[in-house]
Amino acid sequence: LNDVVFPPTEEERHLRANDRELNLSYKYADNAIKTSKYNIFTFLPLNLFEQFQRLANAYFLFLLCLQSIPEVSSLPWYTTVVPLVLVLSMTMAKDGSDDMNRHRCDKQVNNRQVEVLVEGELQSEKWMDVQVGDIVKLENNQFVTADLLLLSSSEPLNLVYIETAELDGETNLKVKQALTVTGMLEDSEVRCEPPNNRLDKFTGTLTLKGETYSLDNERILLRGCTLRNTQWCFGLVVFGGPDTKLMQNCGRTTFKRTSIDRLMNVLVLSIFGFLMIMCLILAIGNGIWEYQEGSKFAAFLPKGVNAPFSAFLTFWSYVIILNTVVPISLYVSVEIIRLGNSFYINWDRKMYYPKNDTPAEARTTTLNEELGQIKYIFSDKTGTLTQNIMTFNKCSINGKSYGEKTEKVDFSWNNLADPKFCFHDNSLVEVVREGNPEVQAFFRLLALCHTVMPEEKKEGELYYQAQSPDEGALVTAARNFGFVFRSRTPESITVVEMGELVTYELLAVLDFNNVRKRMSVIVRSPEGKLTLYCKGADTIIFERLNPSCSNLTEVTTLHLNEFAGEGLRTLALAYKDIDPEYMEDWKLRHHVANTAMDEREEKLDALYEEIEKGLLLLGSTAVEDKLQDGVPQTIEQLSKADIKIWVLTGDKQETAENIGYSCNMLREEMNEVFIVSANTAEEVRKELQRKMTPDGTEEPTVKKSRSGLFCLQKTETVADEPVNGEYAMVINGHSLAFALEKDMEIELLRTACMCQTVICCRVTPLQKAQVVELVKKYKQAVTLAIGDGANDVSMIKAAHIGVGISGQEGMQAVLSSDYSFAQFRYLQRLLLVHGRWSYLRMCKFLRYFFYKNFTFTFVHFWYGFFCGFSAQTVFDEWFITLFNLVYTALPVLSLSLFDQDVNDWWSFQYPQLYTPGQLNQYFSKRAFVYTVLHSGYSSLVLFFIPWAAMYDTVRDDGKEIVDYQSFALLAQTCLLIAVSIQLGLDTHYWTAMNQFFLWGSLSVYFAVIFTMYSNGMFLTLTSSFPFIGTARNSLNQPNVWLTMLLTSVLCVLPVVAYRFLRILLWPTINDKVRYKVRQDKVLPPTPRRVQARRTSTRRSGYAFSHAQGYGDLVTSGKFLRRTPKTKISCWALVKVIIMCYYVQDFTMQISNMFYYRCIHEM
Amino acid sequence: MMASSYNAKEEDRHQPGATGHVGSGTMTNKMPDNTAFKQQRLPAWQPILTAGTVLPAFFVIGLLFIPIGVGLFVTSNNIKEFEIDYTGVDMSSPCYSCSQSYSWNNTKSCTCSVPFSLDQPFESNVFMYYGLSNFYQNHRRYVKSRDDSQLNGDKTSLQSPSKECEPYRSSDKPIAPCGAIANSLFNDTLELYYIDPNGSRTAIPLVKKGIAWWTDKHVKFRNPSGNNNLTVVFQGTSKPVNWRKPVFELDPSDSDNNGFINEDFIVWMRTAALPTFRKLYRIIQKKPNNMTPTLPRGEYILEVTYNYPVRSFDGRKRMILSAISWMGGKNPFLGIAYITVGSVCFCLGLVLLSIHYRYGKRNSADISS
């Protein structure tokens, strides 16, 4: 995404506003877009060309060519053409309809209307007719036509508000501002960078009346954005159509392949090798035969060629016959199975979230079975594990704890209450309404000490714009309990206290920072009383309390421990009355410090320290960072399934840890939680090298091996090491940057993998992707990344499987994900049920399919030894054509679409069922070799039993039965019955469909052979159906049926015996659970889980998740300068300003997406 | 262990009242249908391999197969069969001289007499076969070298046979029947004589019709229509190069057995699956009075008109006399195989039973979590 693509021809773009002739002379692309691939004439050739680029299709085309050579052709052309045409036409139909849709979209977009300034007048034109250099006028809620240089707008200061949802998924508004000089629409010349795909960067200059102004990204409106809250604006088209940043970003997404895919490629290649060996053996046999026998047999056989050439031809003939080891239907079936299993995900009601009407969606249909092999999950925190909603849950006021779960509190007495707020302890309301001074002081503090900005759209309808959700929660709580924060100016705060309007004079805001971990305000009440209100981390506050509070402190600490044990974020509240004279003095010194040229920060800190002393404790609040429903349970389930979960978050260490505890990922009983937060490479290395095992090796063990096609890929694997006890690791972004360096990454991975839980906080999107890549590289394990925001996109794209949480604010994560659903807890269903089933089904399918086709092919191999290696087929040619396509297609599909070992309920009961997938147990090279051996045995039975049973025998009326046609019929019927029974053995879940397809296919087989071998077919198409009468004449013979029975029993017996023994002696987890399911027909009642009550001395260091700098903002008054007609909240503007703070504060690599996202998480 | 108190069941409870619990009705439009198919809850039979099903199956198969095998074996053993190799490989054998001079187009036919004796009388109908060994009738180039349309009486194919017949497609005139199979038609004549104890020879009557499949004789093979006189019908065609007489003279005496529908020809054209095969040549019908056996024990002579050259490729020619039973000709394999499989099954059942008895308890062991 970040590669800057410069077309070689254009080095700088030059254009002049409203001068079409000049601009046209540069031949820049106009604003028409074309995403479609074909037109009517190019569709067929182009599409065919593309399809034959797929190896499998090309291979079958090659076979077809071989078959057209009469000397080689051992099978008639239709055996290959029928399946090939079927596959090609299906794909073609799909591509065609996709392209039709694209055409329709293009047409619709290209025909949108926009007003263009032509010769001083506005004229409506189609989007596609807009040229570079045109000046267009956009109106509110219109899509931006092209990449525009903003010239002017209806808003003051030439501001415009845009929504970039289509571009990066964020729904919050962003502000762009035009250069003041461009307010007038005069001829101006623009020089700028050539088209590229960087969304966050633009450089150029504007020359107007001989003066040059520099242009940057702030002046540019990108195509794909929507104009909001702005009546109109004018823009100069800089990039049109395909040159726009939006289109430049529509690169091909990387095509993900599953590990089964890769294994299959390796297998198919080795099968080809095997095929070649078989053909070679048979060709050599043919050469010898021709030399020894064939030459003498010449009187009977038509004249052949010499032995070596004959062997050469035979080689190719056998390539044609034996190609059934990798039939084209394999690829088709695999796609169908994946598609089917994807539909199950879309259809699953248990992954449907009714609150925002979001069903789960499999956006990629080719990765399903990998869902059953996940070993590592990388999860975002905010919006994924948590709802990003804070609720005021409990509090402790003056030594009394409130918030025990009782009935919901009715706030109807307070007409300014927020209806969405709920609290569960009525006693608190009673105390407030009684007028308890401590409780009132408590809520007054909450209503005054914050940096929230109110917005009152209608009388009485208050909206709080809080920069961190926990602050919002506290202020809302105060509001509902009768202390309504109503409005603020830089110098005052207006609060409605139990229905009375009170305005406090705001004297100072002692802002938050990371060291202070507290914030205070100093206000003067209408009565003239000066009070300092302070809220902050309990440890910090307790240090600054008046000694008289020691009793209260003890009780409050108990409450705090209780709250922390429940995973709540806690804050301690305190206040202090200030002497007016002292205040005067302090204010003076504050002013001096504030305007000091050097060491301003230190001086201010000292002043704050001085005044925040001797505080009186009011109590504490407990805010719940609301986890999404079922998150701890899901995590517990997944870790039982031996899936490692790493949390990668941009959030602060404290909040990340807190969530870690409340999700049960971090536990107090863990041996140790390593915190890696060093600032130099050496320290990081030291912190990483901790011994978790007494006899652990110093150096991580790295296994080197080769894999992939032709063993070309070198792989290095960091081995898992045994660990004594439970450990966890928390690492922050700074340390991670060092740890991800080449020389330390293995060390990091080793330590991280020995820990039960890994939490990375303060990480950038790029680092998220790097961590995923690291695990992918050295663990060779399947990874899954789950997230909801644009900052998770890189990690979602990097992981084997990306999951997006849908229904939240942005869509960017969903758009680049492979699967999406609304709630984190659906992940367990996606993996433990759908993934497991998909993997199971795919593996069963592959094993069975290879078994079936190898058996089929080996019979031909054996027959070679009895027909002079002449590439004569054992089976009827029609049977060869239809075997994979008709006779066995539906039963095996129904196996791989319906099969389940145990149902979803049991899958959840025993998450261990998931582990075979992680270990690749169901389909691996080893399993493949077993399959081949099995089919070798079956083919021996299927050829030699009929051979021996029919040897030199006759019908019961003395006539022939060992003729080629009857033997072919016998052999193919035996084969079909044997593979059908094998299918039955493999099926664990016999639905009506399975029965229907299995029996249906067998009946179809008999119906087809009787039809094909009938008089009518022969008389109409004599040369194609020479098997006339064979079915009638041989299927009425008892020894034919006895032979079929014998072959079937012989094929099945060893399998049944082996499987029975294996279940008896070495039962897998799967066998055990299935056995248990059988025993417990009635589901045992699920015991209700009781949340263990525990207390904790560990608690989040500071509850605010916000950044420094808001104090200045709310007192500066900048945000109040807004015109009444703008409907946008001032908050968007504030955000932009804050962004600047942030960027200064935290200069790490920030990718373009992150740029927009960061303010939400930090 | 019962960890999933919060599994998706929670949502399941909402399902019946799905429309009710969300405020507006339009909100639920994306909710997937609650069908057993889409929710993967199709009712199903879930068999597993347990001792209760596997072991009885083994015993049943064992107990079923052994009697079947015994029956088959006894039946096969009771079938009388007599086989004689008349290729003439040995210097001592009567056909040695005939086998030496070999050419397809010998005008002078070579005959030899092979004496043999039957130790046991043959009752009922006796089937006389000729058998060939090491003869690759299943070779691909051989198998496809025919034109079924021509053999079905198609006039166009008669005049221009299929390309598959090359190089036996035409020799100045199109060949009928074309192709390598027809060209190599077995053309030995076999006659059977009974030597009375007094020394006189009695020719045994051999029936030459009823030896081909009904479908072949009546559907697959047909003479070109239009004229009852086959000579006229086949005008403009030439005989296969190895043949001594044209196709319309295969059996001039019987118009129902002449041309393409000659049964010897039809039998030959049904190519064998394996390089050793036998083909029905004649039927010796049982005596109508049922008092004397069809072939009494005693001395016989097989008179061979030796035309068919097989020595070049180490082939063998045999004459077989065989009776038949409900399971066809003599072949002990099926019987033996059934007995073997049955016994193995039974023994395996016993072994598995003992293993189950010893280790069976393990399975019910609790699942470690």
Side-chain angles (χ1 to χ4, degrees), chain A residues 293 296-297 300-303 344 347 349-350 352 354 357 359 630 633 636-637 829 866-868 870-872 908 948-949 952-956 958-960 962-964 967 988-991 1015 1022-1023 1026 1028-1029 1033 1038-1039 1042 1046 1057 1059-1060 1063-1065 1067 1072 1074-1075 1078 1086-1087 1089, chain B residues 2-8 11 22 27 30-32 34 38-40 42 44-46 48-49 54 61 127 136 138-143 145 148-149 152 167 180 184 213 215 219-220 270-274 277-278 280 312-313 324 326-329 331 333-334 337 348 352 355-356 359 363 367:
Chain A
E293 314 249 347
K296 297 171 193 158
F297 203 57
F300 299 98
L301 266 182
K303 205 162 71 256
Y344 283 135
W347 287 337
R349 283 167 80 96
K350 291 174 186 166
Y352 167 80
D357 191 28
Q633 290 88 343
E636 190 181 343
Q637 283 281 77
R829 194 168 170 84
F866 293 87
C867 67
S870 60
Q872 176 66 1
F908 282 130
D952 244 5
T953 190
V954 292
R955 270 157 58 107
D956 60 1
K959 293 175 190 174
E960 193 140 30
V962 211
D963 61 295
Y964 168 70
F967 187 77
H988 284 164
Y989 195 77
W990 285 89
T991 63
N1015 304 353
T1022 307
S1023 53
I1028 175 191
N1033 281 301
N1039 54 355
L1042 284 172
L1046 185 65
R1059 289 195 184 170
F1060 177 68
I1063 293 175
L1064 203 61
L1065 300 179
K1072 286 180 186 168
R1074 270 157 53 81
Y1075 187 77
R1078 195 181 185 78
T1086 316
R1089 183 188 193 77
Chain B
M2 299 298 181
S4 60
S5 69
Y6 193 96
N7 60 28
E11 265 111 312
V22 178
M27 279 290 280
K30 282 193 206 152
M31 185 179 226
N34 190 11
K38 287 190 173 180
Q39 302 307 317
Q40 305 198 67
L42 288 175
W45 172 53
Q46 292 170 273
I48 63 172
L49 294 176
V54 173
I61 290 175
F127 295 82
Y136 284 86
N138 59 2
H139 196 283
R140 182 165 61 89
R141 269 182 284 140
Y142 188 87
V143 171
S145 184
D148 280 319
S149 305
N152 196 233
S184 57
W213 285 6
T215 45
V219 184
K220 196 171 183 183
R270 183 153 283 280
T271 53
L274 301 165
F277 59 90
R278 61 172 67 170
L280 187 54
S312 62
F313 57 91
I324 52 164
W326 60 270
M327 57 156 288
N331 184 339
F333 172 80
L334 267 186
L348 207 57
L352 292 181
I355 294 176
H356 172 68
Y359 301 103
N363 208 348
I367 305 156

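Chain naming here is simple, since letters A, B, ... match the order of the sequence lines and numbering starts at 1 in each.
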Short side-chain to backbone donor-acceptor contact, B:Asn138 and A:Phe866, under 3.5 Å: yes
Straight-line distance of A:Thr991 OG1 to B:Gln40 CD, nearest 0.5 Å: 11.0 Å
Toward chain A, the part of B:Val219 with a non-hydrogen atom under 4.5 Å: both
B:Phe127 and A:Val954, any side-chain heavy atoms less than 4.5 Å apart: no
For the student: nearest non-hydrogen atoms of B:Arg270 and A:Ile1028, plus distance: NH2-O, 4.0 Å
Heavy-atom closest pair, residues A:Cys867 and B:Tyr136: C-CD2, 3.8 Å
Choice from B:Leu49, B:Asn331, B:Val143 maximising heavy atom contacts with chain A below 4.5 Å: B:Asn331
Distance (rounded to the nearest 0.5 Å) between B:Asn34 CG and A:Trp347 CH2: 13.5 Å
Option from A:Glu960, A:Lys959, A:Arg955 for which side-chain contact (heavy atoms from CB on, under 4.5 Å) with B:Leu280 holds: A:Lys959
Which of B:Leu348, B:Ile61, B:Val54 touches chain A most, by non-hydrogen pairs under 4.5 Å: B:Val54
Side-chain donor/acceptor of A:Lys350 to backbone N/O of B:Gln39, under 3.5 Å: no
Heavy-atom closest pair, residues B:Pro32 and A:Arg349: O-NH1, 2.6 Å
Selection from A:Gly868, A:Gly1029, A:Ala949, A:Pro1026 maximising heavy-atom pairs under 4.5 Å formed with chain B: A:Ala949
Side chain proximity check, A:Asp963 to B:Trp213, heavy atoms < 4.5 angstrom: yes
B:Ile355 portion near chain A, given a 4.5 angstrom heavy-atom threshold: both
Top of B:Lys38, B:Gln46, B:Met327 for chain A proximity - count of heavy-atom pairs under 4.5 angstrom: B:Lys38
Least distance between heavy atoms, A:Thr953 atom then B:Gly329 atom: OG1-N, 3.5 Å
Test item: B:Asp148 side-chain N/O and A:Thr1022 main-chain N/O as donor-acceptor pair under 3.5 Å: no
A:Leu1065 and B:Tyr359, any side-chain heavy atoms less than 4.5 Å apart: yes
Any donor-acceptor pair under 3.5 Å from A:Tyr989 side chain to B:Leu42 backbone: yes
Contact class of B:Phe277 relative to chain A, heavy atoms under 4.5 angstrom: backbone
